[in-house]
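Input: a single structure, listed below in structure tokens.
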Amino acid sequence: MKKIILVFESIHYNNESFDFIEALRKIEDIFVTAVFLSPVDYTSVWAFPVVPGTSGLPVTPGSPESEELLQKHMASFKAKCAELNIPFAVHNDVNGVVFEQVRLESRFADLMFIHTGLFYAAFGEQPNDYLKEVMHIAECPVVLIPPRGTLPQSIVLMYDGSESSMFAIRQFAYIFPVLKSLTSTLIYVDHKSDEIPDQSKLKEWMYSWYPNIQFEIMRDEKNYHSWFQNHPNPFIVTGSYGRAAIVEFLKKSFLTDIINDQQYFVFLAHK
């Protein structure tokens, strides 16, 4: 049984995240914990200390109105889990220490789900500073769920020959062996080379997990939209975000654009 944590800002919640969870529940046993984090109180910007390691925006306990919303959202989550017959737990942060809460929750989980359309949406485009920090500190793999996203129909594995990218690919295979029947493509982003690094060893490993996988080289990551037209509703798998080991040629702008588009499921993992 896998333990999945769903992370929400307490005043933003809906059941869209359950589409993928419901699909998983049909093929394997899962346990889901909802983690409701404190909202940001903009009226108290100068009244509260900055959370260490953040961009400088304070996080404070919610107002009475937000507390009422929190109770409503927790009830909705519980009802949805009961409807789908999924065992669950609910944790709501009340002390404002958002990132320490996320770090600790992720330490005792197999997977973290975040709905990118709801996660501190008031901060603007994703990935906003809060989402970046969560992706940075998470101690388990993270799945970013797009708003109104249809379930993935294919898998796209981003590879650059590094330990980081291969670690993410292995973690995805270990966590989602049930998805190996989906159409799968490993892509190597390079503007010059015609050869994928360590190709023979890579293919030997990949074929053991994905017998029908294809291997492609992407010449221009800026045109990924046109490339993805041939890979419907992909589940994109990539290495660490916001760390020194991030894939050199999988530039932040590329991954940031993919996340900001909020069209695709994205799986991120780092050591």
Side-chain angles (χ1 to χ4, degrees), residues 2-7 16-28 30 32 106 109-119 126-127 131 134-135 138 140-160 164-189 202 205-218 221 224-241 246-247 250 254-270:
K2 289 186 179 69
K3 179 185 175 183
I4 297 171
I5 55 176
L6 273 171
V7 180
E16 289 177 357
S17 305
F18 274 91
D19 290 343
F20 188 49
I21 289 175
E22 183 176 3
L24 281 180
R25 178 67 179 89
K26 292 176 180 178
I27 52 182
E28 64 176 316
I30 57 175
V32 179
S106 67
D110 298 300
L111 202 58
M112 177 190 295
F113 283 6
I114 297 175
H115 189 295
T116 56
L118 300 175
F119 194 76
Q126 295 287 15
L131 183 57
V134 166
M135 291 189 292
C140 69
V142 176
V143 172
L144 303 181
I145 301 176
R148 298 175 298 279
T150 56
L151 295 179
Q153 295 177 293
S154 62
I155 298 171
V156 173
L157 307 165
M158 310 301 295
Y159 176 75
D160 73 333
S164 175
S165 63
M166 195 60 211
F167 177 81
I169 290 170
R170 281 200 307 270
Q171 289 299 300
F172 183 83
Y174 297 160
I175 291 175
F176 292 115
V178 295
L179 300 183
K180 64 182 179 181
S181 60
L182 296 181
T183 300
S184 304
T185 304
L186 181 142
I187 66 171
Y188 173 62
V189 182
L202 172 68
W205 188 90
M206 294 304 305
Y207 284 134
S208 70
W209 280 91
Y210 304 98
N212 299 313
I213 193 167
Q214 301 177 8
F215 297 82
E216 298 183 18
I217 296 176
M218 181 185 288
E221 67 270 24
Y224 67 88
H225 277 302
S226 60
W227 189 89
F228 281 150
Q229 287 178 358
N230 298 320
H231 302 79
N233 299 326
F235 201 147
I236 301 171
V237 178
T238 185
S240 58
Y241 188 96
I246 191 169
V247 180
L250 186 61
F254 179 31
L255 185 54
T256 296
D257 287 347
I258 288 176
I259 295 172
N260 187 47
D261 281 345
Q262 298 189 43
Q263 295 184 35
Y264 312 112
F265 285 75
V266 179
F267 176 97
L268 304 107
H270 59 72

Applying ring pair (Phe, Tyr, Trp, His ring centres under 6.0 Å), name anything that partners Y210, two or more places apart in sequence or on another chain.
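With sequence neighbours excluded, Y210 shows a ring pair (Phe, Tyr, Trp, His ring centres under 6.0 Å) to no residue whatsoever.
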How would you list, by chain and number, every residue that makes a ring pair (Phe, Tyr, Trp, His ring centres under 6.0 Å) with F167, sequence neighbours excluded?
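If we apply the ring pair (Phe, Tyr, Trp, His ring centres under 6.0 Å) test to F167, skipping adjacent residues, there are no hits.
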Nearest 0.5 angstrom please: [X] [atom1] to [Y] [atom2], how far?
X: I236; Y: L157; atom1: CD1; atom2: CG; result: 10.5 Å
X: I21; Y: L111; atom1: CD1; atom2: CG; result: 9.0 Å
X: C140; Y: H270; atom1: SG; atom2: NE2; result: 9.0 Å
X: R170; Y: M206; atom1: CZ; atom2: CE; result: 11.5 Å
X: I213; Y: I155; atom1: CD1; atom2: CD1; result: 8.0 Å
X: Y174; Y: I169; atom1: OH; atom2: CD1; result: 11.5 Å

For E216, all residues meeting side-chain hydrogen bond (donor to acceptor under 3.5 Å, both in side chains), sequence neighbours excluded
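Partners of E216 under the side-chain hydrogen bond (donor to acceptor under 3.5 Å, both in side chains) test: W227.
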Tell me, please, which residues at least two apart from Q214 pass side-chain hydrogen bond (donor to acceptor under 3.5 Å, both in side chains).
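By the side-chain hydrogen bond (donor to acceptor under 3.5 Å, both in side chains) rule, Q214 matches no residue at all.
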Side chain to side chain contact (heavy atoms under 4.5 Å, CB included) for I4 and V143? Distances and angles first, verdict last.
CA-CA 10 Å; I4 297 171; V143 172; over 6 Å; no
Full working for side chain to side chain contact (heavy atoms under 4.5 Å, CB included) between L202 and F215
CA-CA 10 Å; L202 172 68; F215 297 82; 4.2 Å; yes
Using atom types as modelled, flag every donor-acceptor pair under 3.5 Å from a side chain in residues 175-186 to any protein atom, sequence neighbours excluded.
residue	atom	partner	partner atom	Å
S184	OG	L182	O	3.0
T185	OG1	H231	NE2	3.4

Member of F265, Y159, W209, F235 meeting the ring pair (Phe, Tyr, Trp, His ring centres under 6.0 Å) criterion with F172
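Testing F172 for a ring pair (Phe, Tyr, Trp, His ring centres under 6.0 Å) against F265, Y159, W209, F235 leaves exactly one candidate, F235.
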Take V237 and M158 through the test side chain to side chain contact (heavy atoms under 4.5 Å, CB included) and record every step on the way to the result.
CA-CA 6 Å; V237 178; M158 310 301 295; 6.0 Å; no
N233 vs L151, test: side chain to side chain contact (heavy atoms under 4.5 Å, CB included). Steps then yes/no.
CA-CA 7 Å; N233 299 326; L151 295 179; over 6 Å; no
For E28, what residues pass the salt bridge (charged side-chain N to carboxylate O under 4.0 Å, His left out) criterion, not counting sequence neighbours?
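Residues passing salt bridge (charged side-chain N to carboxylate O under 4.0 Å, His left out) with E28: K2.
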Minimum heavy-atom separation for [X] to [Y], with atom names?
X: P234; Y: P152; result: C-CB, 4.5 Å
X: G239; Y: L268; result: O-CD2, 4.0 Å
X: A138; Y: V142; result: CB-CG2, 3.6 Å

